[in-house]
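Single-structure report; data block below.
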4 protein chains.
Amino acid sequence: MRKIIIGVIGPGESATAADLKYAYELGQRIARQGWVLLTGGRKSGVMDAASQGAKVAGGLTIGILPRDNTRGISEAVDIAIITDMGNARNNINVLSCDLVIACGMATGTASEVALALKSGKKVVLLTQNQATQIFFKSLSPDNILVTNSLETTIEFTKEVVNRPIPR
Amino acid sequence: MRKIIIGVIGPGESATAADLKYAYELGQRIARQGWVLLTGGRKSGVMDAASQGAKVAGGLTIGILPRDNTRGISEAVDIAIITDMGNARNNINVLSCDLVIACGMATGTASEVALALKSGKKVVLLTQNQATQIFFKSLSPDNILVTNSLETTIEFTKEVVNRPIPR
Amino acid sequence: MRKIIIGVIGPGESATAADLKYAYELGQRIARQGWVLLTGGRKSGVMDAASQGAKVAGGLTIGILPRDNTRGISEAVDIAIITDMGNARNNINVLSCDLVIACGMATGTASEVALALKSGKKVVLLTQNQATQIFFKSLSPDNILVTNSLETTIEFTKEVVNRPIPR
Amino acid sequence: MRKIIIGVIGPGESATAADLKYAYELGQRIARQGWVLLTGGRKSGVMDAASQGAKVAGGLTIGILPRDNTRGISEAVDIAIITDMGNARNNINVLSCDLVIACGMATGTASEVALALKSGKKVVLLTQNQATQIFFKSLSPDNILVTNSLETTIEFTKEVVNRPIPR
């Protein structure tokens, strides 16, 4: 039976301390639900923090890497998918997830939220500023949850992944 | 000598009448400068309108198509690049241009603006609403021109493409 | 610690009964070594047979799917990576593996063997005809093992993955 | 009206003097027919030689580049499409052409011939050794022309591009 995959996206080098704290806890909570965590796989920022959290909680972690070398892969990634396609891999990140959670914001993250909405995925905007909320809600009002709560994030994710939609 | 390529991005089916009018005029003005026009290539919205404008003015047009079939290619596209990689082709669109002009906004367009900024390209936000302006300026303040004027757009593009940067 | 990933590639719809038998056994043997199996993920031919074999033996299976819909995914795939990039995903298949085993031959398989050799990966040509052996050996003599034996295949794979190369 | 695009593929650094001579003449002949030349775009081997030939004859040249930097682009490329997706761009090369001509052979070239055949394109194997001919004919007997003659290559290409197939 196919595993449920939850994506956590967010800044690399420019992640804030708050982004990292949320990402780490998110990773833990996702793993505790038995879901697989998917990130951009690099040893940096939200990708690394979420993967570390998931591993501490005994989860399975996938990283979709932008380059074909293996430098800079998070040590908390179990399964490294090497795309060698730079930021075009962002589309694979969001297509492979049942739901996407954005924790922090940067240009790469913005492209992933936009691509997720384009493909009809549900997106959680976690602790985002007002400009981000307003912009993405204007593009796709029905597929976004805005929240500052990890608990609400997980409850919403449960609802989405438990829907009897043919996968 | 390599040709200068200017990208025009914007909504397909959801383009407004104003988006189409601006895109058509942009295509004309780009062609008149001797620049090559690059779009997403589909027979729809801003892609089609900009390409039509460029052809009327005697320009050369490239379309970077998402799919491998040839249905739905704008008849005003001279050179069809068939990627068969869906929205991941958005990254190719922006990487291949010397500058990107966003005319109208939708999820696909948002992903392209974000990817363009991520790769360090200059982006013109043409006649965009305030939410769009504020959001992208917060991500990358130095690489964005906000304007409602086609003339300003072309003047700014001239400056960018004439800079003696090693290409 | 990153998991070792072994790729099994081969025909979909045009697979022979022998291809399927070898692929199924390969999947079993890969799983028994504790390695992760990676295939093209479709519910067809060598991809499906190898994945079924791995699951019977308690292994973990990854499928790198060509399209963004979820029809046609092998039921024996645990982790479905949705690329929506058609056959361009063949490059991801080979880059993500520590070693590639070709079981049967078709145009897609040939592209994957060639891309694997291009990226410097070791390739096992399992039960291939002479034309295939001669052609690929002429392109890359040092990175190919030709064999008809599953046991030799697994022994060679052990040597490759146990080499102290920085990953 | 969409332009006819002919792809010339072959080795980069490992091209022989004969490969380069054929590629240069091919580029000239393609340009003289009014067709656009498409190559992998790098300043190396068959890609560069074919593009140089096409430019000398007044043609238009497209290069589909593997990386996002612009170092190493053939100076004879008019339109540089920057994919930043490494060898996965080989699929774009073949999908964007009306016909593919392989001039010389290497691992990358082999992947392109295989991907072209997979997508149903006609392929000319120009001055290829017997191992190459036998291998690819065994995969796809109906879509391959084997020849040592540039004149036969161009005549065959004319037939293919003049067929009243809906594009």
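Chain identifiers are assigned alphabetically (A, B, ...) following the order of the sequence lines, protein sequences preceding nucleic acid strands; residue numbering begins at 1 within each chain. Computed from a prediction, not measured in an experiment: that's the story for all the values here.
- Residues B:N90 and A:L115 form a side-chain contact, since some pair of their non-hydrogen atoms from C-beta on lies under 4.5 Å apart.
- The neighbour count for B:E75 CD, taken as heavy atoms of other residues, nucleotides or ligands under 6.0 Å away, does not exceed 12.
- Of the listed residues (A:M105, A:E112, A:Q130), the greatest number of heavy-atom pairs within a distance under 4.5 Å of chain B belongs to A:M105.
- Contact count against chain A (heavy-atom pairs under 4.5 Å) is highest for B:A131 among B:A131, B:S119, B:G86.
- Of the two parts of B:A106, only the backbone, made up of N, CA, C and O, holds a non-hydrogen atom closer than 4.5 Å to a non-hydrogen atom of chain A.
- Residues B:M85 and A:A88 share a closest heavy-atom pair of CE-CB, 4.4 Å.
- Rounding to the nearest 0.5 angstrom, the gap separating the CG atom in B:L117 from the OG atom in A:S111 is 10.5 Å.
- Your options are B:N87, B:N129, B:L95, and the one with the most heavy-atom pairs under 4.5 Å with chain A is B:N87.
- Between A:F135 and B:F135, the ring planes lie parallel to each other; the angle is under 30°, not in the 30° to 60° tilted range.
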